[in-house]
Structure formats: C-alpha cells, structure tokens
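First the structure, in the form of structure tokens, and then the observations on it.
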Amino acid sequence: MPHLTHLRVDHLENPLALARRSPRFAWRIDASDSEALTQLAYRIVVSTSKGEPVADTGWVASADSVAVSVPGFEGEPGAEYEWDLSVRVGRDGEDTEEVHARGSFGIGLDSWDAPWFEPQQEPVVEEGPLSIGPEAFAEAAATAPLAERLHPPRFLRQAFTLGADPVRARLRITSQGVNSPSLNGAPASDGVLAPGYESYQHAISVHTHDVTALLHGGENVLGVVLGDGWYAGRISILGRSAQYGRILRATWSLEVELADGTTTVVIPDDTVRSSRGPIDWSDIFIGERHDARRTVDGWDAPGFDASTWQAGRVLAAGAEEVAVALVPFTGEPIRRVRELPVAGILSTPAGETVLDFGQVLAGRVRMTVRGEAGTVVRLEHAEVVDADGNFLDNILGVNKDQADEYVLAGDPEGETWEPLFTFHGFRFVKLIGYPGEPRREDFTAVVIANDLEQTASFASSDARLDRLVENTVWSQRSNFLAVPTDCPQRERAGWTGDLQIFAPTAATLMGVAAFLDRWLTNVRIDQKAHDGVVPIIVPLPPATDDPEPVSDDDLFNIRAAAGWGDAITIAPSALYRHYGDIRFLADNLEAMRAWVDHQTASAAEVLPRRLADADLTDEQRANHALLWNGPLNFGDWLAPSTLEGGEDEFQAMMKAPLLTAELTGPLFQILSLDLLAASASELGENELADACHEHAGKVRAAFAAEYVEADGRIQPDLQGIYVLALAFDAVPADRRQAVVDRLVELIHEAGDHLDTGFVSVPYLLDVLWENGHRDLARTLLHQDTAPSWLYEVDHGATTIWEAWHAVHEDGTVDRVSMNHYAFGCVVDWMMRRVAGIELVEPGYRSTRIAPDLDGRLDRCEAHVDTPYGRLAVEWNRQDDAAWITVTVPVGVTAEVELADSWSADGDLTLRHGVHRLNARRQAALVTA
C-alpha cells in the first residue's frame, strides 16, 4: 500500500513561521519496490487552523511533487494553516488509487510592534584588531584578566497570569546577542545559540516556538538568558568584540489563546526584571566560566522572590538603538545533534591529562565532577596533539582561547555542567584542576550544528575512500553552524569562496535548502550595501568592512574576489539543480546580474598592473576591456607548489594571487555569465539570457587571444589555470587538445599529484575524466602521498584539513585548521563518477546511473535522498562480470550508461522500483 511521506513546506517539516507568504509544497510517495508506481495527479487544500478552506488546487494532472505552488494562496502574517494532500497513483495495467496525508505550516510576522528590553549591564569591552592584517593571525598578546574584559550574561524574568490553560501558545523571540528562553523552568525549545549569526546591522531573525504545553492557568514566568554571542562577542578573523553592538537586548511576543477564544499577548514591559547569574562570562570564541556557587534555583519559575532584581529600560520597536528589520527565522535551528563518548584519556609526555574524543568536531563538553566548593576545573580545547603526543593549541589569532572554566558548588552527589553560549572546534580537551581521577563516563562531547538531515551515503571496497566521505560529512556538520563557515575554531567566518566550492557536495550530503536559502538572503543584503560587490565574507562584520587600504600587503585589501563573489551565481544554480525549486534562481537573479555588471564595469575600467604602462595595440586594449583581470583577487589560492620556497607564511600565500589572479578573474567571469544566462533562460528572461551568452562569447575570445598560446601553454603554467580554462570552455577547439596534454604533463611532472589550488580543485577530476584521462583521475583520487586526499586519511584525519600537509610525515603539525570542508568537494565527483549517481534534470527527476566498473573498486554502494525519495546504487565487480542494483523512487527516471567496454542486459531506462542488472566486459573493447 503506497503512502505519502516527507511532507515539506519550503523544504521544512511543519514550519511554524515561514518568511514567504506563498510557499511551495513537496512530498514523496513511499511504496514497496515492486509496485512500479507513477503519480498521475495531486490536489492540495489549504485550510486555516480552524479548519476553514482558503485555497484548493483542484485535481491537477501532473507528476510534480517538488516545489509545487498553490495558485492564488497568500498566507496572512502570523496565521497558521493545515494542508491536505491527495495524490492519485497508478500501477502498470491497474486502476488508480488515492492516497492522503496532512501537514501544517505558519506564516511569520511581516512587521514587529513589541518593544525591546535592555537589562542593566556594563557595555561590552571593545578590543581586538581594527582591520584585517597579519596581526589578526599572530600569537595573542598578553591582555587584562578575562574577568575585567568579558561580559556576564544577563538573566531576565517576566511573571504573568493566565485565566486558564491555553489551547495554543507561540513565543516569538529574538535578541541583540544570543538568547536562551524558558517558561516555568523548562526550555522553550531544544535550540541553542539563537538567533544565530546574521548581518545584524540590516536584519535579525525572530524564532517562533510552540510553547502550549509549558503554560498553565495562574502564574507563569518567562525567563530569558542573554549572552554576547556573535553580536557583541569576539568573532571572525579578527577576534574583535562588539562589532555590531556593545549592549544586549531582547524582544518577544508570547501569544496565548484560551479555550474560550480570548487571547493574551505578553510583551516586554516595566515588570521585567534582570540580574546576573552564575555565569561569570561567556564569549563565543574565548569560552565560558560558570561559578556554580552562584546558582539561583527557580529563578525562571513561579514563586521566586525577584525583589532584589533590577528594572531595565523598555525601548519602543522603532527606537534608534533597535532600528533594524526583524524577519522570520526559517530553517533548521542550531541544536545538539550528536553526543560522543571519550575514546581515551591520555597522560601526555608533558604530564598533562587530555581527553581524546576520537573525532574532530564543533561543540562543547558536558562534564560531571565531584569535589570541594570553589575548586576550578579548566577545559582547554584543541584539534590535535603534536608529534610527541602532547596537547597542541594549533589555532593562531587574537581571542581564540577556546577554554571553559567551571567552579564547583561542592555538591557531594556530583555536579553536571555544559556551557550555554559558546562552542569550540576540538577533538582533544586538556583537563586542568580536575579533582580526583577522571573517568570516561564523566565526559561527553556535545556536537552542535544546524540540525540538517544527512541525505547521502557511500561505502566501498576501499575503507579509506569511505573515511574520506565520512570526514567530509563531519566537516560539513561542524561548519554548517549558523552560517556556512570556513572553520569552527579560528575564524568561523562565512567565506563565500568556501561555500561555492562545496555547494554541490553540501546539497548532496545534507538537506541544505532552507539553511543556504537563509544565508543567500544575507549575501543579497550585504551585496546591496556594497553596490553589486559580493563580499568575500557573509555576514561581513563591520570591522572587516573597511574600504580603505588596511595593510601594505595587498592580500588584506582584497574586497571583490573571483571565485568568492561568484558564490552568488554558483550557489543558487547548484541548489536549483539539486532541489528543483526555481525560486533559488528567481530570488537571486537580480543579485547575479548586479555581480556580473560589477565584473563587466571593472573589466572596462581597470587594467592588470603589469600592463599599466605597456604599449598595447587597439586589439589588445579592446580585449582587456572585456576581461575582468585588473583588480587583485585571491587567484588559485593555496596551490601547493606556490607555497614552497622558504618564504615566510604571508609571502608564500601571496604567490598564488600574484601569479594567477589575472587569469582567475576572467575565467570566473565567464562562469558567472554562463550561469546568469542559464538562470535567466530557466526563468523566461530570454533577452537577458541572450545578452549574457553573447557577452560570454566575447570574453572567451578575448581570453583565448590574450592568454592561450598556439602550443596550448597558458602562463603561469600551473595545473589550476589549465583546469579552469578547460572546465569553463575558455579554450578554442583547435587548441583544446594541446591544453589537455599540457595539464597531463604537469600532473606527471608532479609525480601524479594534484597541484590545484582552492578554486580549481573542484574541477580537476572532471576535466581529466571528460577529456580522455579517466585513469589519471582515478590515480589522483587514490594517491596517498601529499598533496592528496588519502594522505590525510592515512595520517589520522577525521575531518578535512585546511592544508594538504597539515600533519607532516614526521608527525609535525602545522598551525592551521584541521576542519575546513572545501577540499571535501571531491565527494561530489565520487558520488557521480565512482558510485555513478549523477543528476541530469533539476531535483534528480532525470538521473544518469554510470558506475565506474573500470576503476579500482570491486564494490560500491551509495544513495542520495533526492526530493522525490531515495535513489540508491549498489554494484559489485568480479573479473569481467558485474552486478548492478538500482533503486529508483517514484517520479524519477534513471538512465543506465556504462563505459563502452561494458554491456548490460535488459532495459536501461529505469523507473520506480528495484532493478537488478547483469553486466559483462566486452573483450574486444578497451576502457575509455
């Protein structure tokens, strides 16, 4: 019997407060694998929470079940709805059958009238570098004691009375700072660190919680703890505090409906009282100190005496201090998503006690401890131990302490504590001052992240490849926390370059549609503030947003960067392909156009520095006026060979930009023009599509004329530039083979190692695969000496490293991040080319199944949870025979394509069901 599952509204399950008033609906049809079902028609009826129908599609003859609209429906702000779904399915040769399901959703508020409450507090101390420069990555200088520098969270309490138990209650809350709300002593939700990290100067998200079960007739108490968080705490590259503000505030609206139809709305007023609690300080980077001797029991429950608590300031919603747009938070909140036990307790050569959790992660430690009152236990966090096995703080920079302290109350039964408003990137935790002998069961690593569903798996006959995929999942989980960050310890910044590199892999491995939709909203907000330029970091902290040169080193003055700003064209395109929701293109089309217009204008205005005084022909000047090659960008950042030579760290990092930026600029200009053209075409904007296509052709011709030599050489003769030129079709047909040949020569000259940098590595293996060098692509994937993916695995990595040589052969550890997801982009290639699951039409509606039977694996099993359901492939190979099993969800068509050297039995066009194919190698043919 088929049934409907995975009902989603704007990619979310029963969301309470959507930002869009006309959402899109999706569902999956789950049925036994032998039923061979097809969806014939659907009907959606939308009703109010009272059961009154407000919209009805009627029966629509369609197989669509992804991003489906209800024509004419526009929800009312603050209202909640139910939707009844009916679907007609058919079996081959049998009558139709109807199946039904019901979901719910709410629309968030589009205006905010509730006042803000500002508790009495000392302003946050402003400190840290004023702008990006070498000092931001230097060893932290000695500073004043933390107690003098850091800010204690504020505890807020509001008592109110209800005439009866509620039938419905919604708490809408946000803050300048992070908040933890409770009602009658119970958490209002299982989320943490709300409202997250955003472009606070432009907009702040409001979280909505269903709190019906937490309220009762009589006295009730709303409690709110406010901490610095990203708003006032030390954040981003600089580790600078108070970038958005120095004062913490909160606003809320508690809407309560009683059985008799009456409603009560609780908002901040002069009855709110505040105090400091047992938390001495809590900083998002530095850490948290909790003095359990100062615990105030029952502070957020009825009956507590708050007579000594302080009044605060109530500010009107439009007051200058809070004059910022408040928008509904949509997406999955940050939650505690995993818990890991201690894998081992180390007694290091230095005589220190170190907990090893066996996995690099983002989160914090929950600890149980017994001891005398006043005992201070300090927990210091790091990702690695050094070559001798000693605890190593591998993170450079100001205010990157990653240390928590707990002061015992002296409870003989033991005390259990977990920090509230901080998190760390770590695997190892050094214990200082812990009373007695630590036991494994007294410590748990609590993993926090936005609670995204994992949507893919990969298992093969090579355990190292499986670990590579697992490492990538862990890096994504660690860094998809509030925003897509580069690393969860040193910077935690939303680098646009990291995200665009990883976007296809991210959308394969996890359900990131709502998460990245929210981030792209911030990209557009920050872009608008910068006149078409997409910042290199989003949200862009104010101290980082300095239009004036901040350093003698050009690296720190880059504002518009190829492969970073292009996230605005690359990410929406990847999301549309994976999720089949055209709004990813529609919402971002004007932002894409603004970015491309910036590239075009800059190309016409700025020549490369080396040509400033050159005697150029008219043709050369015309070519360079088309090419976005003037301003310095990061180039093919961190290309391995450019880091060699013995210079200091910053000189080494500058080599790739100085060598390659002139070429990466126009190459990504071509890509963005292509993606804008394709997006415009999908949206019916044909005039724009034609204009972009025509302009891209001119840029390609200019690039070839200026940079691609007759023998196929492209200076500076580095792998990455050849890869990008081939991947973006910037090489004329008569020179393409020569360019491919030179790329292959460079790889062989490097001992069959990659030498691609940050922006070219995602395209390397595909370029080889598509140009007749499949076995070389396999060699690079399976390479196990540095630089390579499997070198990391063989040297104990449990996440993806920032640098290919982060741990050297002798065990020496570089002071870099051990948790950067970007180079995990290879997993997208592995899923498509090795496992053989490749989407063809958006949302996987049409999919290519092309397992690599000529490769180095004997077995591979993988799945992707597509918007239509689970698409899975399992294949085994023995000598010249192979067995392939493909599971296809309802609504997807899968075409099996094998290399020319293989043939398979039966129909190779597969629809819903489980299909088993036998394949055999053709002796007369050779592999591609």
*Arg593 vs Glu685, salt bridge (charged side-chain N to carboxylate O under 4.0 Å, His left out): CA-CA, chis, key distance, verdict*: CA-CA 12 Å; Arg593 190 205 304 249; Glu685 299 278 351; 5.1 Å; no
*Under a 4.5 Å cut-off applied to non-hydrogen side-chain atoms, are Phe421 and Val225 in contact?*
yes
_When you compare the side chains of Arg524 and Thr521, does any donor N or O come within less than 3.5 Å of an acceptor on the partner?_
yes
*Apply side chain to side chain donor-acceptor pair (under 3.5 Å) to the pair Arg8 and His6, showing each step before the final yes or no.*
CA-CA 6 Å; Arg8 296 292 185 267; His6 210 79; 3.2 Å; yes
*Assess whether side chain to side chain contact (heavy atoms under 4.5 Å, CB included) is satisfied between Asn450 and Arg518, documenting all intermediate values.*
CA-CA 12 Å; Asn450 283 83; Arg518 187 175 63 255; 3.5 Å; yes
*If every non-hydrogen atom of Pro333 is compared with every non-hydrogen atom of His207, which pair is closest and at what distance?*
CB-CE1, 4.5 Å
*Within the side chain of Thr212, is there an N or O that forms a donor-acceptor pair under 3.5 Å with the backbone of Ala169?*
yes
_Under a 3.5 Å distance rule, please check whether His863 uses its side chain to pair with a backbone N or O of Arg870 as donor and acceptor._
no
*asked:* Main chain of Ser62, side chain of Gln39: is a donor-acceptor contact present, judged purely on distance under 3.5 Å?
replied: yes
*Just checking, any donor-acceptor pair under 3.5 angstrom between side chains of Gln176 and Trp116?*
no
*Under the 3.5 angstrom rule, does the side chain of Gln454 hit a backbone N or O of Ala456 as a donor-acceptor pair?*
yes
*Could you tell me whether the side chain of Ser65 and the main chain of Arg28 form a donor-acceptor pair under 3.5 Å?*
no
*Decide yes or no for Trp519 and Leu499: does some side-chain heavy atom of the first lie under 4.5 Å from some side-chain heavy atom of the second?*
yes
*Between OH of Tyr576 and CD of Glu682, what distance do you get to the nearest 0.5 Å?*
3.5 Å
*Quick one: does Glu198's side chain have a donor or acceptor within less than 3.5 Å of a partner on Ser205's backbone?*
yes
*Of all the heavy-atom pairs spanning Asp110 and Pro77, show the shortest one and how long it is.*
OD2-CG, 3.4 Å
*Does Ile44 reach the side chain of Val68, with side-chain heavy atoms less than 4.5 Å apart?*
yes
*State the CD-CD1 distance between Gln201 and Ile525, to the nearest 0.5 angstrom.*
9.0 Å
*Distance-minimising heavy-atom pair for Leu18 and Pro23*: CD1-CB, 3.7 Å
*Determine yes or no for a side-chain-to-main-chain donor-acceptor pair under 3.5 angstrom, with Arg172 supplying the side chain and Thr208 the backbone.*
no
_Quick check: do Pro71 and Thr57 have side-chain heavy atoms less than 4.5 Å from each other?_
yes
*Short question: side chain of Gln158, backbone of Ile267 - any donor-acceptor pair under 3.5 Å?*
yes
*Mind running salt bridge (charged side-chain N to carboxylate O under 4.0 Å, His left out) on Asp190 and Arg336 for me, showing each step along the way?*
CA-CA 8 Å; Asp190 58 359; Arg336 301 169 177 87; over 6 Å; no
*Are Trp230 and Pro539 close enough that some pair of their side-chain heavy atoms sits under 4.5 Å apart?*
no
_Distance-only donor-acceptor check, side chains Thr508 and His578, under 3.5 Å_ = yes
*Any chance you could measure Leu839, atom CG, to Tyr844, atom OH, to the nearest 0.5 Å?*
5.0 Å
*Mind running side chain to side chain contact (heavy atoms under 4.5 Å, CB included) on Leu156 and Phe117 for me, showing each step along the way?*
CA-CA 9 Å; Leu156 281 53; Phe117 181 79; 3.5 Å; yes
*Please lay out, stage by stage, how Ser679 and Met592 fare under the test side chain to side chain contact (heavy atoms under 4.5 Å, CB included).*
CA-CA 9 Å; Ser679 299; Met592 295 182 191; 3.7 Å; yes
_Closer than 3.5 angstrom, by distance alone: can the side chain of Trp112 be matched with the main-chain N or O of Ala114 as a donor-acceptor pair?_
yes
_Quick check on side chain to side chain contact (heavy atoms under 4.5 Å, CB included): which of Leu910, Val840, Val892, Thr866 does Thr847 satisfy it with?_
Val892
_Test salt bridge (charged side-chain N to carboxylate O under 4.0 Å, His left out) applied to Arg21 and Glu74, step by step_ = CA-CA 5 Å; Arg21 295 178 63 180; Glu74 185 172 287; 3.5 Å; yes
_Where Ala159 and Glu219 come nearest, the two heavy atoms and their spacing_ = CB-OE2, 4.0 Å
*State the CG-OG distance between Asn588 and Ser573, to the nearest 0.5 angstrom.*
9.0 Å
_Non-hydrogen atoms of Thr251 and Pro115 that approach each other most closely_ = OG1-O, 2.6 Å
_I'd like to check Tyr579 versus Val66 (side-chain heavy atoms, cut-off strictly below 4.5 Å). Are they in contact?_
no
*Give a yes-or-no answer on whether the side chains of Thr569 and Trp595 include a donor-acceptor pair shorter than 3.5 Å.*
no
*asked:* Would the distance check show the side chain of Asp451 and the main-chain N or O of Glu332 forming a donor-acceptor pair, the cut-off being under 3.5 Å?
replied: no
*asked:* Between Arg249 and Glu118, does any NZ, NE, NH1 or NH2 come within less than 4.0 Å of an OD or OE carboxylate oxygen?
replied: yes
*Run the salt-bridge test on Glu97 and Arg91 with the 4.0 Å N-O cut-off and return the result as yes or no.*
yes
_Heavy-atom side-chain contact between Lys528 and His202 under 4.5 Å_ = no
*Would you say the side chain of Tyr197 lies within less than 4.5 Å of the side chain of Asn522, judging by non-hydrogen atoms?*
no
*How far apart are the closest heavy atoms of Gly108 and Pro328, and which atoms are they?*
CA-CG, 3.7 Å
*About how many Å separate CZ of Arg911 and OG1 of Thr893, when rounded to the nearest 0.5 Å?*
4.5 Å
*Between Phe304 and Trp309, is the ring centre distance below 6.0 Å?*
yes
_Within this structure, what is the CZ-CG distance for the pair Arg102 and Leu4, rounded to the nearest 0.5 Å?_
13.5 Å
*Verify the distance criterion only: is there a donor paired with an acceptor across the side chains of Thr5 and Asp30 at less than 3.5 Å?*
no
*Go through the steps for Val256 and Val211 under the test side chain to side chain contact (heavy atoms under 4.5 Å, CB included), then give the verdict.*
CA-CA 9 Å; Val256 183; Val211 294; over 6 Å; no
_From CA spacing to verdict: side chain to side chain donor-acceptor pair (under 3.5 Å), Asp517, His11_ = CA-CA 10 Å; Asp517 189 24; His11 308 282; over 6 Å; no
*Testing Trp27, Phe25, Trp59 for ring pair (Phe, Tyr, Trp, His ring centres under 6.0 Å) with Tyr42, which one passes?*
Trp27
